[in-house]
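What follows is one structure encoded as structure tokens, with my remarks underneath.
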2 protein chains.
Amino acid sequence: MKEFKNVTIVKKANVYFDGKVTSRTVIFENGERKTLGIMLPGNYEFSTGDKEAMEILAGSLEVRLPGEDRFVTYKEGETFFVPANSKFSLKVNEASDYCCSYIKE
Amino acid sequence: MKEFKNVTIVKKANVYFDGKVTSRTVIFENGERKTLGIMLPGNYEFSTGDKEAMEILAGSLEVRLPGEDRFVTYKEGETFFVPANSKFSLKVNEASDYCCSYIKE
């Protein structure tokens with residue numbers, strides 16, 4: 001879907017890495033939460049709380065998932081999943097747009 | 001207000017200047033439209049269609065409005081207005097978060 005309807009959006013952005021990674025929080029009627037974000041080129045490590053589904057909306061990036069040795073490239077239209085309570089590494093080579101869904105298990 | 005409720009948000013970001021300026025479009029029940037955006041450090045020139053109200057949510061920037069010679073600094077909590085169908089210049093010195101409202105006249 002190209003739009004999220006009947007949602008609440010938190011006005012202020014979430015800002016990481018001096019603004020090279022930023023996102024906005026969207027809250028759905030059922031309480032589900034997603035973030036819509038932008039990552040500029042750079043290398044980043046993130047930690048998860050809930051399990052995450054990361055959908056790439058534009059651009060591309062390389063991700064190394066927990067327990068993996070190598071980076072795998074994901075591009076526009078693709079999604080990768082990150083386990084709860086883990087860490088993952090990203091190499092972002094071009095400005096990339098994403099939608100992150102937080103999945104309660 | 002800290003959140004916008006019962007809105008539609010366009011999933012994909014609007015991306016300008018290689019991603020140094022990005023925003024998300026929020027549409028209200030009455031058809032009103034705002035964008036929530038991030039500007040990273042740099043110098044930018046923008047053109048308006050509708051009149052714009054630019055509210056700084058975090059950070060600070062200098063703006064030169066149409067017909068003005070000098071730049072004026074705006075910071076978190078402050079708003080400047082840009083006339084319809086005009087151009088304005090920005091000097092952004094730190095990552096800045098904003099909410100832009102488009103005003104039909």
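As the structure is a prediction and not an experimental result, all values here were calculated from the model.
- Note: the hydrophobic cluster containing B:M39 also contains B:Y16 (ILVMFWY, side chain heavy atoms under 4.5 Å, direct or indirect links).
- Looking at B:K2, the atoms closer than 4.5 Å to chain A (heavy atoms on both sides) all sit in the backbone: N, CA, C or O.
- When each of B:K12, B:R24, B:K11 is tested with A:D97 by the rule salt bridge (Lys or Arg N to Asp or Glu O under 4.0 Å), just one qualifies, namely B:R24.
- Of the listed residues (A:K34, A:E55, A:E94), the greatest number of heavy-atom pairs within a distance under 4.5 Å of chain B belongs to A:E55.
- B:I56 and B:Y44 fall within the same hydrophobic cluster, where Ile, Leu, Val, Met, Phe, Trp and Tyr residues are linked whenever their side-chain heavy atoms come under 4.5 Å apart, directly or through other members.
- For A:D69, the CG atom sits in a loose shell: 12 or fewer heavy atoms of surrounding residues, nucleotides or ligands are nearer than 6.0 Å.
- Note: the hydrophobic cluster containing B:M54 also contains B:F17 (ILVMFWY, side chain heavy atoms under 4.5 Å, direct or indirect links).
- The choice from A:L36, A:N6, A:I38, A:T25 that makes the most heavy-atom pairs within less than 4.5 Å of chain B is A:L36.
- Looking only at heavy-atom pairs under 4.5 Å with chain B, the residue among A:A95, A:A58, A:C99, A:A13 that has the most is A:A13.
- Only the side chain of B:V26 comes within less than 4.5 Å of a heavy atom of chain A; its backbone N, CA, C and O stay farther away.
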Verdict with reasoning, B:V7 to A:I9, per side chain to side chain contact (heavy atoms under 4.5 Å, CB included): CA-CA 8 Å; B:V7 295; A:I9 183 164; 4.0 Å; yes
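- When heavy atoms are compared at a cutoff of 4.5 Å, B:L40 approaches chain A solely by way of its side chain, counted from C-beta outward.
- For B:D18, the CG atom counts as loosely surrounded, since its 6.0 Å shell holds 12 or fewer non-hydrogen atoms of other residues, nucleotides or ligands.
- Placement of A:Y98 and B:V10 in two distinct hydrophobic clusters is found when ILVMFWY residues are connected by side-chain heavy-atom separations under 4.5 Å, directly or transitively.
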